[in-house]
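Note sheet for the following structure.
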Amino acid sequence: MTSQSSLTSKYTTGAEYSLTSDKCPVVLELGRAYTKCGFAREPSPRAIIPSKVDNHEIYSYSHSSELPHLLQDFLYAIYYKHLCTNPKDRRLVVVESLMVPLEFKDTLATVLYEHFEVPAIVFVPSHLCTLYTLRLNTALVVDVGFKWTSVLPVIEGVCNLAAYKDIPLGSNEIHRRLEKFLLKFGSVRCPDGQTRFLGEVNPEILSNEDIVEDIKVRTCFVTPRERHLQAQGFEEAFCEGRQLELPTPSNVQYPLEGDKVLEIPGTLREYAPECLFEIDNEMESVATQVIDALLLCNRDSRKVLAENIVIVGGTAMIPGFRRRLKEELMALLELPQYKKHLYIDKFMFHSTPCCSNIASWLGGSLYGSTDYVGSQAFTKEQFLENKKHIPDWMDQKWKKDSVPGL
Amino acid sequence: MGDSKQETNPKVLVAQGSTVVRDCVIQGEVTIGTRTVIHPTAQILAEKGPIIIGEGNIVEEKAKIINRREEPLVIGNHNTFEVGCVVEANAIGHHNTFECLSRVGPLVSVGSGCTVGARCNVSTEEVLPDNIVVYGANCDRKISVDNFRTSNPQIDFLSKVMVNYHYVIKPNRTKEGNAIGAE
Amino acid sequence: MEIFFPKVVNYVCTCGARKPLDVLFYCKHCFKLRCGECVSHEVDTHYCPNCLEFMTSPEARVKKNVCTTCFECPCCGIALYSRGTSKQVPSEKDPSNMVVNKAYYLMCNSCKWSTHDQSLEDQPTQSGGWPRLEAPNQDRVHQLCEYYRIVAHQEKVEKDKKRITQKCGYYISDKYGVASVAAKKYMSLQVTPRKESQKVAAECFASKASEVVDDLPSDFLEELNIDEVTNIRMRLSNPDIQPEKMSMLKMRNLKLLTKKSQRCKECGHSLRKSEYNPGSVKFKIQLSAYYHIPYVRVKQVPNLIAGREVTIELTLTNPTSHEVAVELLPMEEANTPSGSGLLFPEVTCSPQLPKGTLYLPAKDDTAEYDDPADKMDDRNDKSVVTFKRLNKLGIKMQITPKQAENVAIGLRLKHTYTNLIIQGDKREYEVLSLIHPVLLNLSHFAKNSISA
């Protein structure tokens, strides 16, 4: 099974490494919210840490000159604190998202090669890696992350980039919705005995992303489709302050800062993750991405892909997500615009051998245990020769380099 | 830190077997049960209503127990109030530990077996259920499975040793609560 | 005063970073300053923060960088302590006789989590016997690993077969020294994966999809007690299971910490190497700049007012055991196309530096407690020197700040460095002259003097 970048580049890459070094490569996945780092051949990462340096996210840099220092500090902590290994000794497998900006990727490579003196790096696409965990060659990978949800079909080991679909819906949206509604409808019992809304008491407290994330992780869940239809609009109910006719989930008492208790309304617990499935003005939601990706594929692969769907990503671990996604997909099949073109009647899902948030990392770990790392890795000399640029699927250089017939 | 001939507060009822040093500050109507040890510089302030302390408690240095309400504050048995804690609760059960510099607000009723960790703050209006542990910088909570219902072995040691180094208030009640002949 | 404002005086390292002198290294072989960002860090030893047991890197690698005897609390992350309980149980020999049995369990001091929460049996010994956590998907991952290794190996063999022809097998001239490498390559083609790996890989099955997916737990409408649900940090600290309930938390072995050593990237010499024993804070090699380069400190700064000339007082300290001649030079001016600008844009005003050389006597540890009978050195300019004590000299200079806030002055410290060269039996002293740019940030003083 080969990835696109390995289609026979003209470089005879560091094959000598495979004979000498016997230490397992380091596997690193720099996600938008969390970074997973560990060693190849292991079933789980050694550490899952937030992608932040001193509360500053590494992906949100205002100026490109800030990025090398951010990455330097961040990678220093990863190598010496979490992994306790010298970067010089081991090759590196970076599991990356296909849409990471080129500037970020090149800066990352520069910092790794020049400052940390990593011998060789391989960049693998995260969607492709996931298939290693299932021993499959064909699947439709749905990655529900922090900022983006991306869908990529992989057919016989080749990423079908023409059918790539993504939408900026993820945990971030859920956080924003929670914040907005808690400020308006979350009641706080203050130490003086009065009950007020959070917005009046301390509106700044929710700007601490950790608290909102904690509320989402511990209390939120995705409600089943029929409940959503029966409720006929949570938002109106909320804003008007009326009770829904359904039995509602219980309110949760959430202690804030020791001296206040925030009451999280039960309906908000199921309403917050609804943003992932609401059809927006462009008639898109997380579920439509899957169907649209299928439509962009060849007709003969659509059925196979629909029967091999893999859902990965941290946000997919919210209780009830998978059931709802399946129900939404089945409902979308009935819509006229899809019924005419898509002749599938069922969707089948795979379950990865590990939790969804580390599925891509595990794929990278399996990849790193093979000899592919030796033959496909990019060394520092090659990087400098290539004008400090990692060959990427976007620059189509592989087309020029590929040797016909091999 | 008064001199040895300080006037004892007449409303303080000290049971036999307890060790209450003269150097602590006790204001208002306070009843102290047997085998309780009150360290010097501890403050028990029954400002408006009385405080009734049970048996086997330890109140360490600079701890403050305040009752600003008119109803009596009943503290159960075998509690530990560590150094510097400030407790203003409604009611306190048995076998609780208030660690150093913790604060408990006036609207809280503490159950039994609870532990309020060091520098933690519980000031909401609620009934703290049994066996809750409040810990960490963010005052996280969890339910503790272990129930340490044995009495603190320190009490025996302290009762013997404190007398050697501090002046102690003479008990004026027996263990059952009857008055002893006036001293 | 310097103790409270450590960021006042920054030396400029060879790589351009501005750092205070106490965090810089001095490479004795390149004669240059190095900072934490331009040296290479290497992991020396690993040690457990709880029991201080230390081990070398290969040993730590085998143990997966965790301490085998210490455990960490899954709830708050600190080390667990062993506590003993004694229970009266009927003895094995005579059931009617009650024997006191000591049993040990582990407990966290801060959050009171204990092994009873995980429903683990108490151990009879204080230090051992706790089960090590295994990943639930270990076998499947191992299967997949072996399968893909064999697939990759087969692909590689096919690719290489086309390159290496049979001819190379019998005669390889060693003229170019490639005989061993070619022989190894040929041998690697002959290697077949071990029988066990092949067996495991053969068992590896492709995952089967199903229409049934994970459902919402049926009790979602019921009362949720937030104290029973784990938060994200507790879940991520155990990536294998990521438990959602507090009752499912499992303790893990404590992670090891490392002792690092630093090495100059240019010449490869060690700059700092600490002792193996984790309990010791000493170093085997320590080439800290603090012990080799004269230290400039700001002693006194009066109110800084824009446009008015003020006199500031600095102190120079000589940390070496040789006499040092110091000169304070003005900053270099960069030849930029837009005219002359300073190399260091943060400098806002240039001081009137004292001319001439200042001589600092050697550091004498024995004279530290003697009464100072310091005679002013006649070679020093008396109008500039304010005081002299052992190896320390106070100097004053005038500055005219352009504005009251953000006052930063820059100067170049030129000093002599006596280097000891040992050639066989001969010991020679070589005197070099080094120049370091120094930046002094006086904005702290401006704020304090205004508020005072």
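Only this structure's heavy atoms are used, side chains among them; waters, hydrogens and symmetry mates stay out.
Looking at A:D210, neither its backbone nor its side chain comes within 4.5 Å of chain C, counting heavy atoms on both sides. Contacts of C:Y147 with chain A are made by side-chain atoms alone, with heavy-atom separations under 4.5 Å and no backbone atom involved. At a 4.5 Å heavy-atom cutoff, the contact between A:K88 and chain C is made by side-chain atoms alone. Residue A:F349 touches chain C through both its backbone and its side chain, counting heavy-atom pairs closer than 4.5 Å. Only the side chain of C:S40 comes within less than 4.5 Å of a heavy atom of chain A; its backbone N, CA, C and O stay farther away. Interface residue A:C355: only side-chain heavy atoms are found under 4.5 Å from chain C. Contacts between A:T85 and chain C at a heavy-atom distance below 4.5 Å involve the backbone alone (N, CA, C, O). Proximity to chain C is limited to the backbone of A:E114, based on heavy atoms less than 4.5 angstrom apart. There is no contact between A:V310 and chain C, counting heavy-atom distances below 4.5 Å. Interface remark: C:V141 contributes backbone and side-chain atoms alike to the contact with chain A (heavy atom separation under 4.5 Å). Contacts between A:L362 and chain C at a heavy-atom distance below 4.5 Å involve the side chain alone, from C-beta outward. Neither the backbone nor the side chain of A:F116 comes within contact range of chain C; no heavy atoms are under 4.5 Å apart.
By number of non-hydrogen pairs under 4.5 angstrom with chain C, the leading residue of A:Q253, A:K81, A:R269, A:E307 is A:R269. For chain C, the option among A:M317, A:R46, A:R324 with the highest count of heavy-atom pairs below 4.5 Å is A:R46. Between chain A and the options C:A152, C:A209, C:P239, heavy-atom pairs under 4.5 Å are most frequent for C:A209. Taking chain A as the reference chain and counting heavy-atom pairs below 4.5 Å, the highest number among C:S207, C:A135, C:C38 is found for C:S207. In terms of heavy-atom pairs under 4.5 Å with chain A, the best-connected choice from C:E146, C:K255, C:H46 is C:H46. Among C:C145, C:A60, C:S57, C:S210, the residue with the largest count of heavy-atom pairs under 4.5 Å with chain A is C:S210. Each of A:G320, A:P43, A:S365 has some count of heavy-atom pairs under 4.5 Å with chain C, and the biggest count is that of A:P43. Note on C:E223, C:Q242, C:R235, C:K208: by heavy-atom pairs under 4.5 Å with chain A, the leading option is C:Q242. Between chain A and the residues C:K260, C:R140, C:Q138, the largest count of heavy-atom pairs under 4.5 Å involves C:K260.
Among all heavy-atom pairs drawn from A:R135 and C:A206, the shortest one is O-CB, 3.4 Å. Taking both residues in full, the closest heavy atoms of C:V43 and A:Y80 are given as CG2-CD2, 3.7 Å, listed atom of the first, atom of the second, then distance. Looking at every heavy atom in both residues, A:P255 comes nearest to C:I226 through CD-CG2, 4.0 Å.
The number of heavy atoms from other shown groups lying within 6.0 Å of NZ (C:K63) is above 12.
Annotation: the span from C:L224 atom CG to A:Y254 atom OH amounts to 12.0 Å, rounded to 0.5 Å. For the atom pair CD of C:E155 and OH of A:Y372, the computed distance is 3.5 Å after rounding to the nearest 0.5 Å. Atoms CD1 and OG1, from C:I150 and A:T370 in turn, are 12.0 Å apart once rounded to the nearest 0.5 Å. For the atom pair C:N231 CG and A:I211 CD1, the distance stands at 12.0 Å (nearest 0.5 Å). Here the CD1 atom belonging to A:I358 is positioned 7.0 Å from the CG atom belonging to C:N137, to the nearest 0.5 angstrom. Atoms CG and OG, from C:D240 and A:S44 in turn, are 3.5 Å apart once rounded to the nearest 0.5 Å.
A side-chain contact (heavy atoms from CB on, under 4.5 Å) with A:R218 is found for exactly one of C:V229, C:I232, C:T230, namely C:V229. Paired with C:D214 under the rule side-chain contact (heavy atoms from CB on, under 4.5 Å), one option of A:R322, A:K326, A:R323 passes, and it is A:R322.
Taking the six-membered ring for Trp and the full ring otherwise, A:Y79 and C:H41 have centroids separated by 6.0 Å or more.
For the pair A:H115 (side chain) and C:E37 (backbone), a donor-acceptor distance under 3.5 Å is present. No donor-acceptor distance shorter than 3.5 angstrom exists from the side chain of A:D371 to the backbone of C:H153, with no hydrogens or angles considered.
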**Message:** Would C:L216 and A:E270 count as a side-chain contact (heavy atoms from CB on, under 4.5 Å) here? Give the steps.
**Reply:** CA-CA 12 Å; C:L216 189 62; A:E270 53 181 348; over 6 Å; no
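Side-chain atoms of A:F39 and C:R61, non-hydrogen and from C-beta on, never get closer than 4.5 Å to each other.
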